[in-house]
Amino acid sequence: MQIDGQCHCGQITFEAEIDPEAVSVCHCQDCQTLTGSPFRVTAICSAGDVKLTGGTPKIYGKRGDNGRMRFQHFCADCGSPLFTSGEGDQADDWGIRWGSIRQRDALRPSRQIWCQSAAVWIDAVPGLPGRPQGTCSPRAGRDKEAARAVSSAG
């Protein structure tokens, strides 16, 4: 599948050829820390499948709990995570961060890893109340209701 994408600010753009079945969820603590989220979604590919079409990502290296060095490629301006890559015999092991892919709605994860580190509440997410858009802060909703009550009482 041909994809393209960019960082949040648009400084870094790319194109890639990926297998839409090779999309993975990772629950490891490094991914949780790097994303500020309970997991990270990545489209797995090889280095030759990715072509930068604009800008150059900054790269940060971190040795994971499995002992392997992983390089995080991100935009130095907006901080968006874009890619991951390895070293040595794993230098060709790349991944494209799902949120940077324009066609992400067509990419459904087919597996998950590091499940032992998954947030204990992750299975409850589908049952949470939700809104199609807008703020998800319960406080914001109460503040709006309070403001309406004050203005209608006046």
So do Leu107 and Ile18 actually touch side chain to side chain, heavy atoms under 4.5 Å?
yes

Check step by step if side-chain contact (heavy atoms from CB on, under 4.5 Å) holds for Val23 and Val41.
CA-CA 7 Å; Val23 178; Val41 181; 3.6 Å; yes

Calculate, to the nearest 0.5 Å, the distance between atoms CD1 and SG belonging to Ile113 and Cys31 respectively.
7.0 Å

Not counting sequence neighbours, which residues clear side chain to side chain contact (heavy atoms under 4.5 Å, CB included) with Ser110? List them please.
none

Listed pairs under 3.5 Å, donor-acceptor, residues 74-86 side chains, sequence neighbours left out:
residue, atom, partner, partner atom, Å
Ser80, OG, His8, N, 2.9
Thr84, OG1, Arg70, NE, 3.4
Thr84, OG1, Arg70, NH2, 3.3
Thr84, OG1, Phe71, O, 3.3
Ser85, OG, His73, NE2, 2.8

Results of side-chain hydrogen bond (donor to acceptor under 3.5 Å, both in side chains) for Ser46 - residues two or more places apart only:
Asp49

Return the SG to CD1 distance between Cys45 and Ile96, rounded to the nearest 0.5 Å.
4.0 Å

So salt bridge (charged side-chain N to carboxylate O under 4.0 Å, His left out) across residues 21-41, not counting sequence neighbours, yields Asp30-Lys62

Among all residues two or more places apart in sequence or in another chain, which pass the salt bridge (Lys or Arg N to Asp or Glu O under 4.0 Å) test with Glu15?
none

Inter-residue atom distance Ile101.CD1 - Phe14.CZ, 0.5 Å rounding:
5.5 Å

Nearest heavy-atom approach of Gln32 to Ala119 is NE2-N, 4.2 Å

Only pairs at least two apart or in different chains count here, so list each side chain to side chain donor-acceptor pair (under 3.5 Å) that has a residue in residues 112-126.
His27-Gln112

Output the distance between atom CD (Gln2) and atom CD (Glu17), rounded to the nearest 0.5 Å.
5.0 Å

Which residues satisfy the side chain to side chain contact (heavy atoms under 4.5 Å, CB included) test with Gln133, sequence neighbours excluded?
none

Please report the shortest heavy-atom distance between Ile122 and Ala118, naming the atom on each side.
CG2-CB, 4.4 Å

What pairs meet the side chain to side chain donor-acceptor pair (under 3.5 Å) rule with one or both residues in residues 90-100, with sequence neighbours excluded?
Thr42-Arg97, Gln72-Arg97

Tell me, please, which residues at least two apart from Ala91 pass side chain to side chain contact (heavy atoms under 4.5 Å, CB included).
none

Pairs touching residues 104-115 that satisfy salt bridge (charged side-chain N to carboxylate O under 4.0 Å, His left out), sequence neighbours left out:
none

Partners of Arg68 by salt bridge (Lys or Arg N to Asp or Glu O under 4.0 Å), sequence neighbours excluded?
none

Excluding sequence neighbours, so at least two apart, what forms salt bridge (Lys or Arg N to Asp or Glu O under 4.0 Å) with Lys51?
none

Could you tell me if the side chain of Leu52 sits less than 4.5 Å from the side chain of Ile12, heavy atoms only?
yes

Linking I/L/V/M/F/W/Y whenever their side-chain heavy atoms sit closer than 4.5 Å, directly or via other members, would Val50 and Ile59 fall into one cluster?
no

